[in-house]
Each structure stands twice: as C-alpha cells, then as structure tokens.
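In what follows, a structure is listed as structure tokens, so that the remarks can point back to it.
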There are 2 protein chains.
Amino acid sequence: MTKREQPVREATVADVARAAGVSKAQAARALGGYGAVSEQVLSLVIAASEQLGYRPNQVARSMTTGRSNSIGVVVGDIENAHFGLALRGISDEVRDAGYTVVLVNTDEDLDAEVGAVQELLQQRVAGLVVAPCSSTQTAHLGSAQERGRAVVLFDRGIHGLELDTVRVDFADAALQVGRLLLDAGHRRIGYVSSLRTDGPYEPGADLGLSPVADRVRGIEQAFTEAEDEWDPTLVQLNAFSDDTLAAACAELLDRPAPATAVVCSDSLIALGVLGHIKRRGLRIPEDISVVAYDDFPWTELVEPPLTVVAQPVYDMGREAARALLRRLGHRVPAERLPLRAHLVERASVGAPSEEN
Amino acid sequence: MTKREQPVREATVADVARAAGVSKAQAARALGGYGAVSEQVLSLVIAASEQLGYRPNQVARSMTTGRSNSIGVVVGDIENAHFGLALRGISDEVRDAGYTVVLVNTDEDLDAEVGAVQELLQQRVAGLVVAPCSSTQTAHLGSAQERGRAVVLFDRGIHGLELDTVRVDFADAALQVGRLLLDAGHRRIGYVSSLRTDGPYEPGADLGLSPVADRVRGIEQAFTEAEDEWDPTLVQLNAFSDDTLAAACAELLDRPAPATAVVCSDSLIALGVLGHIKRRGLRIPEDISVVAYDDFPWTELVEPPLTVVAQPVYDMGREAARALLRRLGHRVPAERLPLRAHLVERASVGAPSEEN
DNA sequence: CCTGAAGTTGAGACCGGTCTCAAACTGAAG
DNA sequence: CTTCAGTTTGAGACCGGTCTCAACTTCAGG
C-alpha cells in the first residue's frame, strides 16, 4: 500500500455521456442547459451525472471561454483593517454573481503591483479590482484593459486612464475637520500620512488622486476661509513604518512651536500617533488634540474617545465589485450606495493649551 | 469605431514557434526550460517570445497539469483582524513559491464552507488552507484529500481525519490566565466566545478542537489547582453577533452574584464586552477585571491597557502555508516557527471589589 | 406521399499548453 | 566508412469543456 494513493479520477462530461448512453455533445448540452435536448436525454444525463458525482472542471471551462470565474483583487495591505473591510465588501458582492476572489497583497510596492496584475492576467481572471499604489505609473492597468479585462479602481484614482473608480467623497468631511480644529483655536495642525512621495509636502503639491489629497485640501480650505495659512512643514507624509512614523511625530512635536493638534490619515497612523503621544505623557485633548480617519470600533473605546471621520469602507468595496460586475455584463441592482464620509465628534478635540 | 474594441490577442507558444521558425514542441521546451534544446533554438525562441511579449496562459497550463498555481484559503471572517493577519502570513509565504491565494469567506457557516471547498476543487487549486468551522462535520475536507488535493488546517482542528493542523499552543497561557484571576481573588470568572454550539456550556463538554476548548480548559485547570469549581453558567458561548454578545454580557452581569472578571475569547468579543462595560458605567479593573485573547495594537491604548494573551497569528499563517507547500512537494526551510501564546499583563486585572 | 421547418443528435474542431514518440541528426569509436 | 549512443527535432495526442456543423427525426401542411 503506497503512501500516496491514486487520487480518485473526477467524472468528466465524456464519462457522464457514456453512462447515459448519449453523445458527449448531448451530455454537455444537458449539463450546461443550452441548445436543444429532449426530455428523455435530459433525465438520463441528469441521472448519470448524479450517479457519478459529476462536477464541471472550471479550468477546462475557462480554457474555452477564455476567462475564469474569479476576479483579482489587488491591495496594498490586507492586514490593514481598512482593506480587510473593503475586501469583505468585494467578496460578499461578487460571490452572489458566482465569482471567487484571487487576492494579492503588494505592500504598497509598485513593482509588486505590476507583477500582481501580470500574474492575474495570466490566470485569466474575469476582471480586476485594484487600489493602485501610484496615480501616475499606470501602464500595467492600461495593458490589462487592452487585453480585454475589466478594471475597476477603488480607494484611489489614477491619472491619464479612463477607468471606473470608486472612492469615498471626503470633501465635506475634510473641510469640517479643518473648521473644527480652527474653531477650537488651533493654528498649528499636524497631518500624518503613510502616502509615499519623493520629497516633503509643498503647498499645492499634487498628491495624486489619493484620499490624502482631498483630506489635506479640506484643511487648507478651512485655513483659507479663516484667512490664515497652513504651515506646510506640518504635513508629514511617508510615515509608512514604525520608524518613519516616529520621525514624523518627532518632527511635529519637537519644534519650537509644536503642533497643537494632529490629524491621522488612517487607523494605522492613529494607532502609532496615539502610542507616541502616550509615551510622551501628553494628555488628549488638554495637551494635544487628535482627529483620525476611519471609524473602527476601538476608536470609541480609547480614552478619550476619538473624534474621527467615518467612511463607508465596506460599501466602497461592494460598489467597486458592482462596478466590475456591470462591466462584466451582469445585471446589478441599480441602487447606488452613497459613499460619503462624515465627521463623528467625540472627545479628542479641545482648545490648544494656554502655554501655546 | 465600436465601443468594445477587439482585445489584443495574446501570443501563444504556437505564435512564438512560428516567429522563431521552429516547431511548437521546441518552442515549448525552450520556454518551459525542460527537455533538450540547442543553443541556437533557445536564443531564437527567447528573442521571439520577447518580441511578441509572450506570457504563458496559466489556465492552459493548469489544464494539462491538472492543478493551478493557486491555493484556496477558507476562513470564517476576513473582516476579523485575526484572520486578516493570518491571511497575510499565508499570502507572504505562498507567494515566494509562486502561488496566488484564492480567498473564500464563509461567515462561519458550514454550508458555505462545504460550498467553498467544492468550488475551489472545481477550480483545481493546488491545495487548501482551511480554518474549519466545525470539528465534526468534515466530509468535504476528506473528499478534498481523496481527490488528491493537499489540505492543511489552521487555528482549529477536526476529529476523525488525519490532516496537518497548525495551531497555537494555549495550554500554558490559558492556565496562567486562570491563575492570574484566581490569585487576584476572582471566583466568578465569565468567559465569552463566539463559538457556536447547540446548547449551553456544560463542564467537560466537547468544544471540539477549537482554541476555545484549550482556553476554557486552562481556566478549569486553575480552578482545580485551587481546589475550587468553576460555575459552568459563567461560560457564555454563541456570542457571534451584537445581539447575542449583548445577551451574553447581560447573562454574566445581571445575576444575583455577577461575574467579577471576564475573559474575552477574541478581539471582536473584547471590543463588544468593553463597549458593554463602558455603557454600564463600570470601571476596569475596580468593578470588573478583563482579559482578552489576541494582542492587537489598540489593546494597549484603551484605558486601562488590557491584559491580553498574545498569540503569533501571522506566524501561524506562515506555518500553515509552509505545511501546505511541503505537501505540495516544495522544499521549505526546516526551521519551524514556535507557536506559543503568552500572557501580557497590563492593567485591566485587579482584585474583585469589596461588595462582591 | 411529398416538402419543409423545427427539433434532436453525434462527430469532431478548438482553446493553449505539456508531453510522448519516433525520426533525424551529431560525433566519437571501431 | 560503419555503427551506435546521445542529442535534437517535429508531429501529434492529450487535458475537459464548448460549440459548430451536418445529418437525422418528426410532424404539419399540401
């Protein structure tokens, strides 16, 4: 008795046909529910297929049709709850249409993203849902489209290519964040994001079509309303690791006139910034005010509860998936989920301290 | 000009062969790096393939080999950071070996899990990594193995089938949790888990091979050491939704002699329990002590910082993937990652209040 | 009984790799 | 100049569905 037993051979259309005593073509028609098949043949084939436990080989099917029943999802970091939740939305929506999800993580690395798209195309996925890591390097996405694959972007947009893009509208919420802090009396508002750029932030710089651009713009706009100006050195980008995040915090707090409020661009940044503030022994909001993007359950449980900008991440995933399904020719409920972010005021914003 | 332009036809081996002026078989050998190929043919084929931008069609490859270069991952809830992190581990490990991940979410529903495995087999995935939702209903996993697919379980085990299973060792940590609480003076220790069972918990009940079983056993053992007994009605299972979780909390706290400490079986439960405690206006640890499983960054930032059992979730994912790769005949670094949970004492455990 | 349209049926091509097999070629030994 | 092993090569089968096409059956209408 060998260790590796011969795996049971799967029943094929030909097997079913033989068992039913009809031709392969008829069996295929009966099983596939297309073409003309007599009652008699139909029942014979059904019986035989059940008898043999026939399951269509999806690979063979994809071979002829040229596309598989799976869609590729490319994200920067699945470990991030933001993408975890969006992925859940995509997955839920797409399952009903009979697709499975092939997931690739890119670590926000462009080369990895290009490779991932390449690989997924070779797998002949029906379509792609991508959160692109660059808004300018987009050749791989264009080529995917040229090769006849539907591509939908989410969370972030790109320049130069016309692609369906599903993003949350931050314009209102971001402006409100700016006003909230300005009204509370803050002028030195720090902004921390993991967005990768080549140099430090400059006013009016093109931050691509990332949500970060909208969020920064909102605060700038609030400053303009208040007829004031936002010190650009308070915008700290490239905080994508523990070290760089710590450096960004230091940059904001170890200066003659330190930031009196910090806006955290996502929940990972918030976690880091909160830890940093805690280690420094600063109190929120007495010593420093904090606003974070993304409203996860824990933000309400920290002390004090965080003022956050909530965004419909799950729905964004669903909408992205729907957009893709539409491109793939599926009829999808017309109802569109509203994707607007909104400010949730809790207790982490106060007036700047007197000494400032 | 039609809306839908003709997608560019992908170059095939036959195209490359024609361009290189050799037979399809030779071109395939040159591209696949097998069999005997002369220097001259090799360079001709390489040149032609680059010229045409040839990319092998993975579907066609899977067709002949009978397996795709993707592995199926079946989990209960990707939205849960626990699985998100494990998934990341699986994904990282498997990518190096050239596989992609097909992810299916089951919502901890057995029927969905059975369907998912079925679907993945039809897609001819090379292997499966599953966090099974039942430890007894395992026919689908057995059939996957019979059909020649490698199957590896993680997070939880099953009965009756010999399958590689990658789990974190909770024996020590669970016992320590029990001792910690007992030593602090607690006797009415609540336990809340989302594990689905048919009825309420009974001492010695078979909780399957889920981590929950180990965790409950550890506390029971600590009670035995202390020559005391654990009131089984304090073990609240089936808290898998907002409602059921709220009911479990009520069950523990709205009784003549309420629990003085609560152990939360995972981070989702912890989030719910913490919210519940907060809404009741109870103080931690003065009024009630809390211990949670899974050490995510936020657990240190809540007030007070949570005493938790940390577990190497990412490594568990990696190990599961490695076990699968080994089964698939890959040489994988022999070094095994230790998978032991350990208690991290912070500030959410104190003595039970006097009035109790 | 003949005709034609509609309904059924089976043979076999096809998708794009992989791989077997036999033929052709190479060069060294005899 | 043979002979033979070893290398290189091309033809074509194969995987398992899908689908075209031609042929056959059936039956109403003439």
Side-chain angles (χ1 to χ4, degrees), chain A residues 7-45 48-49 52-70 98 119 121-126 147-148, chain B residues 7-45 48-49 52-70 98 119 121-126 147-148:
Chain A
V8 285
R9 214 181 70 83
E10 307 273 340
T12 69
V13 175
D15 296 331
V16 173
R18 206 171 308 121
V22 301
S23 73
K24 188 180 145 200
Q26 276 308 85
R29 280 189 270 253
L31 292 167
Y34 63 94
V37 182
S38 65
E39 284 296 327
Q40 197 196 0
V41 168
L42 184 63
S43 58
L44 276 173
V45 170
S49 81
L52 297 174
Y54 170 77
R55 299 287 158 202
N57 179 333
Q58 291 292 354
V59 175
R61 182 170 283 171
S62 302
M63 176 88 252
T64 30
T65 60
R67 56 188 47 213
S68 73
N69 60 340
S70 48
E119 172 66 30
L121 290 180
Q122 290 175 223
Q123 279 188 34
R124 298 293 186 270
V125 292
R147 299 198 202 170
Chain B
V8 284
R9 214 182 69 86
E10 309 272 340
T12 69
V13 175
D15 297 330
V16 173
R18 207 171 307 122
V22 301
S23 72
K24 188 179 145 201
Q26 276 308 85
R29 279 188 271 252
L31 293 167
Y34 63 94
V37 182
S38 66
E39 285 296 328
Q40 197 197 1
V41 168
L42 185 63
S43 58
L44 276 172
V45 171
S49 82
L52 296 174
Y54 170 77
R55 299 287 158 202
N57 179 332
Q58 292 292 354
V59 175
R61 182 169 283 171
S62 302
M63 177 87 251
T64 28
T65 61
R67 56 189 47 212
S68 73
N69 59 341
S70 47
E119 173 65 30
L121 290 180
Q122 289 175 222
Q123 281 188 32
R124 297 295 186 267
V125 293
R147 299 196 202 172

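All chains are named by letter (A, B, ...) in the order of the sequence lines, taking the proteins before the strands, and each is independently numbered beginning at 1.
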Problem - Distance in angstrom units between A/Gln40 CD and C/dT9 P, rounded - result: 8 Å

Problem - Selection from D/dG17, D/dG12, C/dT9 that lies nearest to any side-chain heavy atom of B/Ala25 - result: D/dG12

Practice task
Give one of base, sugar-phosphate or nothing for A/Val41, where a contact means two heavy atoms less than 4.0 Å apart.
Solution key: sugar-phosphate

Practice task
May I ask you to evaluate whether A/Ser38 reaches the phosphate of C/dT9, defined as a side-chain N or O under 4.0 Å from OP1 or OP2?
Solution key: yes

Handout entry: Quiz item: A/Lys24 side-chain donor-acceptor pair to D/dG17 base, under 3.5 Å
Key = yes

Problem - Length of the line joining B/Arg18:CZ and D/dG10:P, which is rounded to integer Å - result: 14 Å

Practice task
Write down the distance between CZ (A/Arg67) and C1' (C/dC15), rounded to a whole number of angstrom.
Solution key: 14 Å

Exercise for the section: Tell me whether the OP1 or OP2 atom of D/dG17 has a side-chain N or O from A/Tyr54 closer than 4.0 Å. Expected result: yes

Exercise for the section: Report yes or no: does B/Ser68 contribute a side-chain atom to a donor-acceptor pair with the main-chain N or O of B/Ser62 at less than 3.5 Å? Expected result: no

Exercise for the section: Write down the distance between CD (A/Glu39) and P (D/dT26), rounded to a whole number of angstrom. Expected result: 16 Å

Practice task
Mind calculating the distance between CD (B/Gln122) and C1' (D/dG16) to the nearest angstrom?
Solution key: 13 Å

Exercise for the section: State which of D/dC15, D/dT20, C/dG17 makes the closest approach to the side chain of A/Arg29. Expected result: D/dT20

Exercise for the section: Compare every heavy atom of A/Val37 with every heavy atom of A/Ala30, then report the nearest pair and how far apart it is. Expected result: N-CG2, 3.9 Å

Handout entry: From D/dG16, D/dG17, D/dT18, nucleotide with atom closest to A/Ala28 side chain
Key = D/dT18

Exercise for the section: For B/Ser23 and for A/Asn57, find the nucleotide of DNA chain D with the closest heavy atom, then tell me which residue's nucleotide is more 5'. Expected result: B/Ser23

Practice task
Find the distance A/Arg61:CZ to D/dC19:P and express it as a whole number of Å.
Solution key: 10 Å

Handout entry: Whole angstrom value for the distance that separates P of D/dG16 from CG of B/Leu121
Key = 15 Å

Exercise for the section: Starting from the 5' end of DNA chain D, give me the residue, B/Gln26 or B/Arg124, whose nearest nucleotide shows up first. Expected result: B/Gln26

Completion exercise
Looking only at heavy atoms, the pair that brings A/Leu52 and A/Ala19 closest together is CD1-CB, 4.0 Å

Exercise for the section: Can you tell me the distance, in whole Å, between the CD atom of B/Gln58 and the C1' atom of C/dG17? Expected result: 10 Å

Problem - Separation of B/Leu31 CG from B/Gln26 CD (nearest 0.5 Å) - result: 11.0 Å

Practice task
Kindly point out which of D/dT8, C/dT9, D/dG10 is positioned nearest to the side chain of B/Ala36?
Solution key: D/dT8

Handout entry: Carboxylate-amine/guanidinium proximity below 4.0 Å for B/Glu10 and A/Arg147
Key = yes

Practice task
Could you work out which one of C/dT8, C/dG16, D/dG17 sits closest to the side chain of A/Met63?
Solution key: C/dG16

